[in-house]
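Working notes, beginning with the structure itself.
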Amino acid sequence: MKTALITGTTRGIGKVFAEKFAGMGNNLLLVSRNEEKLKRQQYDLQSRYHVAVKYIACELTQLNAVDLIFERLSNWQVSVDFLVNNAGFNECGLFTNTDMEQEIKMIDLHIRFVTQLTKRILPMMKKNNYGRIVNVGSTGSFIPSPSDAG
Ligand SMILES: NC(=O)c1ccc[n+]([C@@H]2O[C@H](COP(=O)([O-])OP(=O)(O)OC[C@H]3O[C@@H](n4cnc5c(N)ncnc54)[C@H](OP(=O)(O)O)[C@@H]3O)[C@@H](O)[C@H]2O)c1
C-alpha cells in the first residue's frame with residue numbers, strides 16, 4: 001500500500017484530495033492545524049475506506065514545521081509516496097492596507113515550507129524509486145487582479 005502526505009486537509013480542496021487518495025486505497029498522512037477536525041477526519045476516512053490514517057496537527061508557518069513532520073515520520077517509520085502541497089490561504093486588499101504579518105505567513109507557508117518539505121521528501125522518493133508530487137497553485141497567478149496580488 002502506498003502513502004500520501006497531504007497538507008491542508010480539514011476543508012476545501014485538501015479534504016477532497018484526502019477523500020480521493022483514500023478511495024484509491026492509499027494510506028494517509030494528514031497535516032493541518034485543527035486537531036479536533038483531524039481526529040474526526042482520521043476516524044471517518046479509516047472507517048469508510050479501511051486505510052491507515054495518521055495525522056500531524058501543526059502550524060506550518062513555524063520555522064521548525066518540517067523538522068516536526070520528519071520526527072513523526074521517523075517515529076512511525078513511514079515513507080511518503082505521494083506528496084500534495086495544498087495548505088494555503090489568501091490575504092486580499094490594497095497592499096497599503098493588508099496585514100504584513102499575514103503576508104509574511106503566506107510567504108512562509110506557500111514558499112518556504114513547500115520548498116523545505118519537498119526538498120526533504122524527494123530523497124525518500126528517489127531511494128524508493130517511486131514518488132509523485134502535486135503542488136496546488138492558482139490560475140489567479142496568471143490573471144492581474146486588483147487587490148489580490150497574493
Ligand atoms: N479555493 C479556491 O478558489 C482556490 C483557488 C486557487 C488556489 N487555491 C489554493 O488551493 C489550496 C487550497 O485552497 P482551499 O480553498 O481548499 O483552502 P481552505 O478551504 O481555506 O483550506 C485550507 C486548508 O489549509 C490548512 N491550513 C491553512 N493555513 C495553514 C497553516 N498555517 N498551517 C497548517 N495548515 C494550514 C487549513 O486547515 P487548518 O485551518 O485546520 O489548519 C485547511 O485545511 C490553497 O493553497 C489555495 O491557495 C484555492
Side-chain angles (χ1 to χ4, degrees), residues 1-92 98-142 148-150:
M1 251 175 149
K2 298 207 179 299
T3 298
L5 189 160
I6 308 168
T7 65
T9 61
T10 54
R11 58 176 186 270
I13 298 168
K15 191 170 183 182
V16 178
F17 267 117
E19 195 80 31
K20 290 285 174 195
F21 273 98
M24 290 187 288
N26 299 290
N27 293 330
L28 300 179
L29 294 164
L30 311 175
V31 187
S32 305
R33 287 167 302 188
N34 189 316
E35 182 149 20
E36 271 312 305
K37 283 189 183 174
L38 284 166
K39 210 180 283 181
R40 263 185 270 134
Q41 193 175 23
Q42 177 190 42
Y43 178 78
D44 175 52
L45 292 171
Q46 278 184 165
S47 37
R48 283 192 295 122
Y49 295 109
H50 308 290
V51 294
V53 180
K54 293 184 188 302
Y55 69 81
I56 301 171
C58 185
E59 168 54 73
L60 300 177
T61 61
Q62 66 186 359
L63 281 173
N64 62 346
V66 173
D67 289 336
L68 291 174
I69 291 172
F70 264 76
E71 202 180 297
R72 296 289 182 84
L73 295 184
S74 146
N75 288 345
W76 291 330
Q77 298 190 312
V78 175
S79 74
V80 175
D81 304 291
F82 305 106
L83 168 63
V84 183
N85 285 312
N86 166 77
F89 68 96
N90 196 11
E91 170 75 1
C92 298
T98 46
D99 186 275
M100 175 73 129
E101 202 177 314
Q102 284 300 103
E103 279 161 344
I104 298 299
K105 279 191 173 178
M106 197 157 66
I107 292 166
D108 275 339
L109 182 58
H110 294 189
I111 300 171
R112 186 188 49 74
F113 170 77
V114 169
T115 307
Q116 287 179 325
L117 183 65
T118 307
K119 197 98 177 165
R120 290 278 293 271
I121 284 191
L122 256 177
M124 194 185 264
M125 291 176 165
K126 279 184 86 173
K127 194 172 150 215
N128 296 339
N129 224 11
Y130 185 87
R132 301 286 184 271
I133 298 173
V134 178
N135 290 323
V136 177
S138 175
T139 50
S141 324
F142 304 103
D148 194 12

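For the numbers below, each heavy atom of this structure counts, side chains included, while hydrogens, waters and symmetry mates do not.
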**Request:** Examine distances only and state if a side-chain atom of E91 and a backbone atom of E103 form a donor-acceptor pair shorter than 3.5 Å.
**Result:** no
Checking T118, N86, N85 against N135 for side chain to side chain donor-acceptor pair (under 3.5 Å), the one that qualifies is N85
Heavy atoms, side chains only, cut-off 4.5 Å: are F70 and S74 in contact? no
| query | Checking H110 side chain against G137 main chain: does a donor-acceptor pair fall under 3.5 Å? | reply | no
Does M1 form a side-chain contact (heavy atoms from CB on, under 4.5 Å) with V51? I'd like the steps, not just the answer.
CA-CA 9 Å; M1 251 175 149; V51 294; 3.7 Å; yes
So OG1 of T61 and CZ of R112: to nearest 0.5 Å the spacing works out to 7.5 Å
In short, D99 meets Q102 closest at the heavy-atom pair OD1-N, 2.9 Å
Rounded to the nearest 0.5 angstrom, the CG-CZ distance for L60 and F113 is 4.0 Å
In this structure, OG1 of T3 is separated from CG of L73 (nearest 0.5 Å) by 9.5 Å
Rounding to 0.5 Å, atoms OG (S32) and CD1 (I6) come to a distance of 9.5 Å
Given D108 and Q62, is the side-chain contact (heavy atoms from CB on, under 4.5 Å) satisfied, shown in steps? CA-CA 8 Å; D108 275 339; Q62 66 186 359; over 6 Å; no
Scanning both residues in full, the closest heavy-atom pair of L68 with C58 reads CD1-SG, 4.1 Å
For residues V84 and T7, determine if any side-chain heavy atom of one lies less than 4.5 Å from a side-chain heavy atom of the other. no
Side-chain donor-acceptor distances from residues 19-30 under 3.5 Å, at least two apart:
residue	atom	partner	partner atom	Å
E19	OE1	R48	NH2	3.2
E19	OE2	R48	NH1	2.8
E19	OE2	R48	NH2	2.8
E19	OE2	Y49	OH	2.6
N26	ND2	F21	O	3.0
N27	OD1	A52	N	2.8

Heavy atoms of L63 and Q116 approach each other most closely as O-OE1, 4.2 Å
In terms of heavy-atom contacts, A18 and L45 come closest through CB-CD1, 4.1 Å
### Query
So, T9 versus Q41: side-chain donor-acceptor pair below 3.5 Å or not?
yes
> What do you reckon, is CE of M100 surrounded by more than 12 foreign heavy atoms closer than 6.0 Å?
Replying inline: no
Ignoring hydrogens and angles, write down the donor-acceptor pairs under 3.5 Å from the side chains of residues 120-133, residues two or more places apart or on other chains.
residue	atom	partner	partner atom	Å
R120	NH1	D67	OD1	3.0
N128	ND2	S79	OG	3.1
N128	ND2	M124	O	3.4

Between the CG atom in N75 and the NZ atom in K54, the distance rounded to the nearest 0.5 Å is 10.5 Å
Taking C-beta and beyond as the side chain, do W76 and I56 meet within less than 4.5 Å on heavy atoms? yes
Closest non-hydrogen contact found for A57 with E35 is CB-CB, 3.9 Å
Rounding to 0.5 Å, atoms CG (D81) and CG (L5) come to a distance of 10.5 Å
Scanning both residues in full, the closest heavy-atom pair of R72 with Y55 reads NH1-O, 3.9 Å
